[in-house]
Engineer: 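Okay, here's the structure, questions in a sec.
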Protein chains: 2
Amino acid sequence: MVVARRDLALRKIRPNGGPEDFDRWQQRKSSLTRESILDAAVDSLVESGYAGLSTNDVARRAGVSRGAMHHHFPNRIALVRGMIEHVFYSRMRYFLDDFVARLKVIDNADAELQPHVIAVELHWHSVQSREFEAYLRLAVAARNDPELAEAFDPAAKLYDEVWLEEMDHAFPQWRNAPELMRLASDFTQAVQLGLLINGSTIGEDRVRMIQNELIGIVMRLAEAAKR
Amino acid sequence: MVVARRDLALRKIRPNGGPEDFDRWQQRKSSLTRESILDAAVDSLVESGYAGLSTNDVARRAGVSRGAMHHHFPNRIALVRGMIEHVFYSRMRYFLDDFVARLKVIDNADAELQPHVIAVELHWHSVQSREFEAYLRLAVAARNDPELAEAFDPAAKLYDEVWLEEMDHAFPQWRNAPELMRLASDFTQAVQLGLLINGSTIGEDRVRMIQNELIGIVMRLAEAAKR
DNA sequence: ACAAAAACCGACAAGGTTGCCGGTTAACGG
DNA sequence: CCGTTAACCGGCAACCTTGTCGGTTTTTGT
């Protein structure tokens, strides 16, 4: 089942598990408020940026007292560390849910020709999500905040590993040319990340032209992978 | 002279002029400390992010009293507005200086074949500069800060216009296919912006592969423009 | 030389943020 | 049923940031 595969991938990103993994009420409730705090933290991150994220604001958004907050995350950096895992988890989950939803609708006739186009479109969709926005903030802030980078970089690398594994599993056509698939994946990510930032400046039309060019490149790489 | 062209482009970005444009000492000095404040603000922006940028810190870095600071920029948003123009100005200057420096070294034999490769490399170099880092911070922060976006977006669009004009002037080979040149430019910017952020995660080797692929694409577009 | 204007200075109040801690409520285990 | 442990609460002190303002120094124009 494809859903089982999804859960497997997600568990690699968040090994400790979420609320659904606990039976005793206390642990479950604890994990639940922990999640709500992390969710609120992501909201605050997206709205105020990394430096503007305040533990005060997070507690207010989560509807939790500052004391409870302190119980789960003794200080700001602990909150940030928790948030990083949460962000990568959400980002992966967002894409995978999108993906399995799309698989069910897919016409088997298209299945052989169009998967690359669909993958590029799905990725573009995921890039515009709140989850990716949070990732972006963290990635940019980590560029010159050693404390943040220390927690962020390993998480990002883990995400990249799991991502490539999933791609490999989802697109067996590429299996005999993994470096080309990686190139196509990296390229798509780079282009669409850049597009996310520059898009509002250059306008819809130019964005669309770049997307088309990107799809052409991915399909060209796919052709090359067949040989 | 190519330097004259450089100054012309720069003047479009910063119409009001810098310290070198004033004769009377008072105006000159004023403009000078203004610049030093903005420079310090960029430092602070790059180190602390947009939300973490504090006027206090800026004044300290610039070696200026808070009073003087207030004289030039009555409040935070005024400082930000000044900073935006300053950032785009610096970014353009950085690239153009790089460009004219490279022009002097260029072998005339290569001149016909390699300019695209050189342009891509120069752009990659400029993307890694402090000036671009500041741009990145602003662009990301402006995504959900309406007050910032109000000042940032027009400046970004102006920059884009001037940039395209300069490209058009520097690469007359493309002149009969301006939309292809724009596509190549947009594409390069998007890829390298994405690479700047993802680079530390995916590692040098993969970055290099993407760069090579990008160069191939630009050259293919250049070929298409000839017809 | 002198008055006006511009540039610059340092301190203050109001408000927000962080980390910390004593105390309270709820759940678990024997 | 009760002691122990975990979850949660709200206030305090120290610090930082922003905006504002009265006063001082330097330059300019006459």
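Every chain is numbered from 1, with letters handed out A, B, ... down the list of sequences.
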Engineer: Under 4.0 angstrom, heavy atoms only, what part of the nucleic acid is L53(B) near: base, sugar-phosphate, or nothing?
Structural biologist: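 Sugar-phosphate, backbone atoms only, no base.
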Engineer: Under 4.0 Å: is that the gap between some side-chain N or O of H71(B) and OP1 or OP2 of dA7(C)?
Structural biologist: yes
Engineer: Please tell me if H72(A) has a side-chain N or O lying less than 4.0 Å from either OP1 or OP2 of dA6(D).
Structural biologist: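 No, because none of the side-chain N or O atoms of H72(A) sits under 4.0 Å from OP1 or OP2 of dA6(D).
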Engineer: What integer distance in Å separates F73(B):CZ from dT20(D):C1'?
Structural biologist: 18 Å
Engineer: Please pick, from dG10(C), dA6(D), dC9(D), the nucleotide with the shortest atom-to-atom distance to any side-chain atom of S65(A).
Structural biologist: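 Nucleotide nearest to S65(A)'s side chain: dC9(D).
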Engineer: Tell me yes or no: between the side chains of H123(B) and Q189(B), is some donor less than 3.5 Å from an acceptor?
Structural biologist: no
Engineer: For the pair made of CE in M69(A) and P in dA6(D), what is the distance, rounded to whole Å?
Structural biologist: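 Value for this atom pair: 21 Å.
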Engineer: How do D57(A) and P74(A) order along DNA chain C: which one's closest nucleotide is nearer the 5' end?
Structural biologist: D57(A)
Engineer: Both N56(B) and R24(B) contact DNA chain D. Taking the nearest nucleotide for each, which residue is further toward the 5' end?
Structural biologist: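 Between the two, 5'-proximity favours N56(B).
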Engineer: What is the distance, to the nearest angstrom, from the CD1 atom on I37(B) to the C1' atom on dA7(C)?
Structural biologist: 11 Å
Engineer: Atom CZ of R28(A) and atom P of dA7(D): how far apart are they, to the nearest Å?
Structural biologist: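 About 15 Å, once rounded to whole Å.
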Engineer: Under 3.5 Å, is there an N or O donor on one side and an acceptor on the other linking the side chain of R66(B) and the base of dG19(D)?
Structural biologist: yes
Engineer: Between R60(B) and Q27(B), just flag the one whose closest nucleotide in DNA chain D comes earlier from the 5' side.
Structural biologist: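 Taking each residue's closest nucleotide, the earlier one in sequence belongs to R60(B).
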Engineer: Please compare T55(A) and V64(B) by the position of their nearest nucleotide in DNA chain C and report the one closer to 5'.
Structural biologist: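 Checking each residue's closest nucleotide, the 5'-ward one belongs to V64(B).
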Engineer: With no hydrogens and no angle check, just 3.5 Å: does a side-chain donor-acceptor pair link Q211(B) and Q192(B)?
Structural biologist: yes
Engineer: So that I know where these two stand, are Y89(B) and Y159(B) an aromatic pair - ring centroids less than 6.0 Å apart?
Structural biologist: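 No - the distance between ring centres of Y89(B) and Y159(B) does not fall below the 6.0 Å cut-off.
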Engineer: Quick one: label H70(B) by what it contacts on the DNA or RNA (base, sugar-phosphate, nothing), any heavy atom closer than 4.0 Å.
Structural biologist: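 Counting heavy atoms under 4.0 Å across all strands, the contact made by H70(B) includes a base.
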Engineer: What's the closest nucleotide to the side chain of R76(B) if the choices are dG19(D), dC9(D), dC21(C)?
Structural biologist: dG19(D)
Engineer: Scan side-chain atoms only and decide if D57(A) and S44(A) contain a donor-acceptor pair under the 3.5 Å cut-off.
Structural biologist: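 Their side chains do contain a donor-acceptor pair, which is all the 3.5 Å distance test asks for.
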Engineer: Does the side chain of S54(A) get closer than 4.0 angstrom to OP1 or OP2 of dT17(C) through an N or O atom?
Structural biologist: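 Yes, S54(A) has a side-chain N/O under 4.0 Å of OP1/OP2 on dT17(C).
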Engineer: Between E161(B) and K12(B), does a salt bridge (charged side-chain N to carboxylate O under 4.0 Å, His left out) hold up when you go through it step by step?
Structural biologist: CA-CA 10 Å; E161(B) 275 178 40; K12(B) 289 179 195 158; over 6 Å; no
Engineer: Round to the nearest Å and state the distance from I77(A) atom CD1 to dC20(C) atom C1'.
Structural biologist: 18 Å
